[in-house]
Amino acid sequence: MTVISAVPTLPVGALFSQTRREFASWYSRLWGPLGALATGVSRPSPGERVLDACCGSGASALPAARAVGAAGHVDAVDMAGALLDQGRAEADRQGLAHLRFHRGDVTAWRADAPYDLVQCCYGVFFFPDMDAGARHLVKLLRPGGRIALSTWVGGGMDSMVRRAREAASAIRPLPAPPTAPDPRTRVDSADGLAAWLRSFGLVDVAVHRVDYRVPLLGDDAWMFLLGAAPRRFVLGMDEQQLGRVRDRLHADMAAAGHSHLDASSLIAVGVRPR
């Protein structure tokens, strides 16, 4: 097998589609519970119209659809076709005909009527322009409608990303990290996230912190790496290289005494003025 020295790039949607099996392996332990927690804060009500942006396989769209009931409607939008297929299958299994999965760019999404609720779990930092993307989502709300966003708490999930990058760079040189500020740092604290939402004219902004940790057993850390965005670090590696990255990641985490994935999150809700 040819060893690729340059790091390949893939659009985010294609990246998550390619790693759909590993992503699904974490659904019941991570994505599903976090989606349910976010929906518990956004509180969709019977009969409401909901947009679930960056929906993945439906971790927050499915509980939203159950909450709004058959009289409501949920549009779930993402660019990862394989994850959408997983969501459709689960929606069919649960009989949620009013939940529709769409493949598309949420930053350009148009609807025939405004939404009562727009929610986006861990997706805003994937927008090419985070401000423009969020502003577009706010415009899709009716006056008095609300937007709910989930982000990672600083110092939690980003530590896994850093360890993954360090393990991969020891096996194959990687491009230097971007010199521009990481957009995630703007929304990884309660104050920062609240200020960011208020900058779009939202009112009654409330931020809730959820401390959520998942034990890492066996190959869990490696499977998470393959199923999440850091996967881009190992794209194009052959099996021998992948094995070396896996071993380095495990050794690094063991030496640091890390036995869990810190998925601590912030869930914020804001209201579009009437």
Chemist: Using the salt bridge (charged side-chain N to carboxylate O under 4.0 Å, His left out) rule, collect all pairs that involve residues 87-102, keeping only residues at least two apart or in two chains.
Modeler: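 Residue pairs with at least one partner in residues 87-102: Asp85-Arg88, Glu90-Arg93.
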Chemist: Does a side-chain heavy-atom distance below 4.5 Å link Val68 with Pro46?
Modeler: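 The answer is no; the side chains never approach within 4.5 Å.
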Chemist: Taking side chain as C-beta onward, heavy atoms only, is Val269 less than 4.5 Å from Ile147?
Modeler: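 Sidechains of Ile147 and Val269: no contact.
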Chemist: Taking C-beta and beyond as the side chain, do Val205 and Leu202 meet within less than 4.5 Å on heavy atoms?
Modeler: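 Side-chain contact under 4.5 Å: yes.
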Chemist: Is there a side-chain contact between Asp262 and Trp152, using heavy atoms and a 4.5 Å cut-off?
Modeler: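 Heavy-atom side-chain distance check fails, nothing below 4.5 Å.
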Chemist: Output the rest of the hydrophobic cluster of Val203: all Ile, Leu, Val, Met, Phe, Trp and Tyr residues reachable through side-chain heavy-atom contacts under 4.5 Å, sorted by chain and number.
Modeler: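 Val203 clusters with Val271.
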Chemist: When you measure from the side chain of His73 to the backbone N and O of Val50, does any donor-acceptor pair fall under 3.5 Å?
Modeler: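 A pair under 3.5 Å: no.
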Chemist: What are the two closest non-hydrogen atoms of Ala76 and Leu99, and how far apart are they?
Modeler: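 Closest pair (atom of Ala76, atom of Leu99, distance): CB-CD1, 4.0 Å.
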Chemist: Please name the pair of heavy atoms, one in Leu96 and one in Ala65, separated by the smallest distance, quoted to 0.1 Å.
Modeler: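 Nearest heavy atoms, Leu96 then Ala65: CD1-CB, 4.0 Å.
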Chemist: Side-chain contact test, heavy atoms from C-beta onward, threshold under 4.5 Å: evaluate it for Arg244 versus Glu239 and give yes or no.
Modeler: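 Arg244 vs Glu239: side chains apart.
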Chemist: When you compare the side chain of Val77 with that of Arg103, does any pair of heavy atoms fall below 4.5 Å?
Modeler: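 With C-beta onward as the side chain, the pair stays apart.
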Chemist: Okay, side chain of Asp129, backbone of Ala132: is any donor-acceptor separation there less than 3.5 Å?
Modeler: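 Here the side-chain-to-backbone pair exists.
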Chemist: Would you find a donor on one side and an acceptor on the other, under 3.5 Å apart, between the side chain of Arg272 and the backbone of Leu141?
Modeler: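 Pair found, side chain donor or acceptor close to backbone of Leu141.
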Chemist: Just by modelled atom types, is the Gly56 backbone N or O under 3.5 Å from a matching donor or acceptor in the Asp78 side chain?
Modeler: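 Checking the backbone N and O of Gly56 against the side chain of Asp78, a donor-acceptor pair under 3.5 Å is found.
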Chemist: Just verifying a value: how many Å separate Tyr115 OH and Asp75 CG, rounded to the nearest 0.5 Å?
Modeler: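 Tyr115 OH to Asp75 CG: 3.5 Å, rounded to 0.5 Å.
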Chemist: Can you list every side chain to side chain donor-acceptor pair (under 3.5 Å) pair that touches residues 46-63, not counting sequence neighbours?
Modeler: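 For residues 46-63, and leaving out neighbouring residues, the side chain to side chain donor-acceptor pair (under 3.5 Å) pairs sorted by first residue read Glu48-Arg146, Asp52-Ser60, Asp52-Gln119.
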Chemist: Taking it one step at a time, do Leu149 and Val124 satisfy side chain to side chain contact (heavy atoms under 4.5 Å, CB included)?
Modeler: CA-CA 8 Å; Leu149 304 178; Val124 293; 4.0 Å; yes
Chemist: Is it true that Asp191 and Ser189 share a donor-acceptor pair across their side chains at a distance under 3.5 Å?
Modeler: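 On atom types as modelled, these side chains do not qualify, holding no pair under 3.5 Å.
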Chemist: Enter the distance from His208:NE2 to Ser42:OG here, rounded to the nearest 0.5 Å.
Modeler: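 The NE2 atom of His208 sits 10.0 Å away from the OG atom of Ser42.
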Chemist: Does Asp188 offer a backbone N or O that forms a donor-acceptor pair with the side chain of Thr151 under 3.5 Å?
Modeler: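 Looks like no, no N/O pair under 3.5 Å.
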Chemist: Below 4.0 angstrom, N of the basic side chain to O of the carboxylate: do Asp131 and Arg186 qualify?
Modeler: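 A salt bridge is present here (some side-chain N lies under 4.0 Å from a carboxylate O).
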Chemist: Any pair with a residue in residues 23-41 that passes salt bridge (charged side-chain N to carboxylate O under 4.0 Å, His left out), sequence neighbours left out, goes on the list, sorted by first then second residue, please.
Modeler: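 Checked against salt bridge (charged side-chain N to carboxylate O under 4.0 Å, His left out) - neighbours excluded - the pairs reaching residues 23-41 are Arg29-Asp220.
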Chemist: Is any side-chain heavy atom of His260 closer than 4.5 Å to a side-chain heavy atom of Val214?
Modeler: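 Answer no - side chains too far apart.
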Chemist: From Leu137 CG over to Phe127 CZ, what is the distance, rounded to the nearest 0.5 angstrom?
Modeler: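 With rounding to 0.5 Å, CG (Leu137) is 5.0 Å from CZ (Phe127).
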Chemist: Do the side chains of Asp116 and Arg142 get close enough for a salt bridge, i.e. N-O under 4.0 angstrom?
Modeler: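 Between Arg142 and Asp116 there is a salt bridge, with a charged N closer than 4.0 Å to a carboxylate O.
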Chemist: So do Tyr212 and Leu261 actually touch side chain to side chain, heavy atoms under 4.5 Å?
Modeler: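 Not in contact.
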Chemist: Show, in sequence, the C-alpha distance, side-chain angles and deciding distance for Trp109 and His102, and conclude whether the ring-ring contact (aromatic ring centres under 6.0 Å, His included) test is met.
Modeler: CA-CA 10 Å; Trp109 177 253; His102 310 269; 4.8 Å; yes
Chemist: Kindly write out the residues that satisfy salt bridge (Lys or Arg N to Asp or Glu O under 4.0 Å) with Arg246, not counting sequence neighbours, or none if the list is empty.
Modeler: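 Per chain and number, Arg246 pairs via salt bridge (Lys or Arg N to Asp or Glu O under 4.0 Å) with no residue.
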Chemist: Nearest 0.5 angstrom please: Phe126 CZ to Tyr122 OH, how far?
Modeler: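 So the gap between those two atoms works out to 12.0 Å.
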Chemist: Of all residues at least two apart in sequence or in a different chain, which pass the side-chain contact (heavy atoms from CB on, under 4.5 Å) check with Ala268?
Modeler: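 Counting only residues at least two positions away or on another chain, Ala268 forms a side-chain contact (heavy atoms from CB on, under 4.5 Å) with Leu193, Leu197, Val207.
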Chemist: What distance separates Phe125 CZ from Thr185 OG1, expressed to the nearest 0.5 Å?
Modeler: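 Result: 11.5 Å between the selected atoms.
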Chemist: Looking only at heavy atoms, which two atoms of Gly104 and Met79 are closest? And how far apart?
Modeler: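 So the minimum-distance heavy-atom pair works out to O-CG, 3.2 Å.
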Chemist: If the test is side chain to side chain contact (heavy atoms under 4.5 Å, CB included), which one of Ser150, Cys54, Cys55 qualifies with Cys121?
Modeler: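 Of all the options given, the one that passes is Ser150.
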Chemist: Taking the basic N atoms (NZ, or NE/NH1/NH2) and the acidic carboxylate oxygens, is any pair closer than 4.0 Å for Asp211 and Arg209?
Modeler: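 Arg209 and Asp211: salt-bridged.
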Chemist: Which heavy atom of Pro44 sits nearest a heavy atom of Leu117, and at what distance?
Modeler: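 Minimum heavy-atom contact is CB-CD2, 3.9 Å.
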Chemist: Looking at every heavy atom in both Pro63 and Thr39, which two are closest together, and how far apart are they?
Modeler: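 Looking at all heavy atoms of both residues, the closest pair is CG-OG1, 3.6 Å.
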Chemist: To the nearest 0.5 angstrom, please state how far the CZ atom of Arg172 sits from the CD atom of Gln241.
Modeler: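 Between Arg172 CZ and Gln241 CD, I get 6.5 Å after rounding to 0.5 Å.
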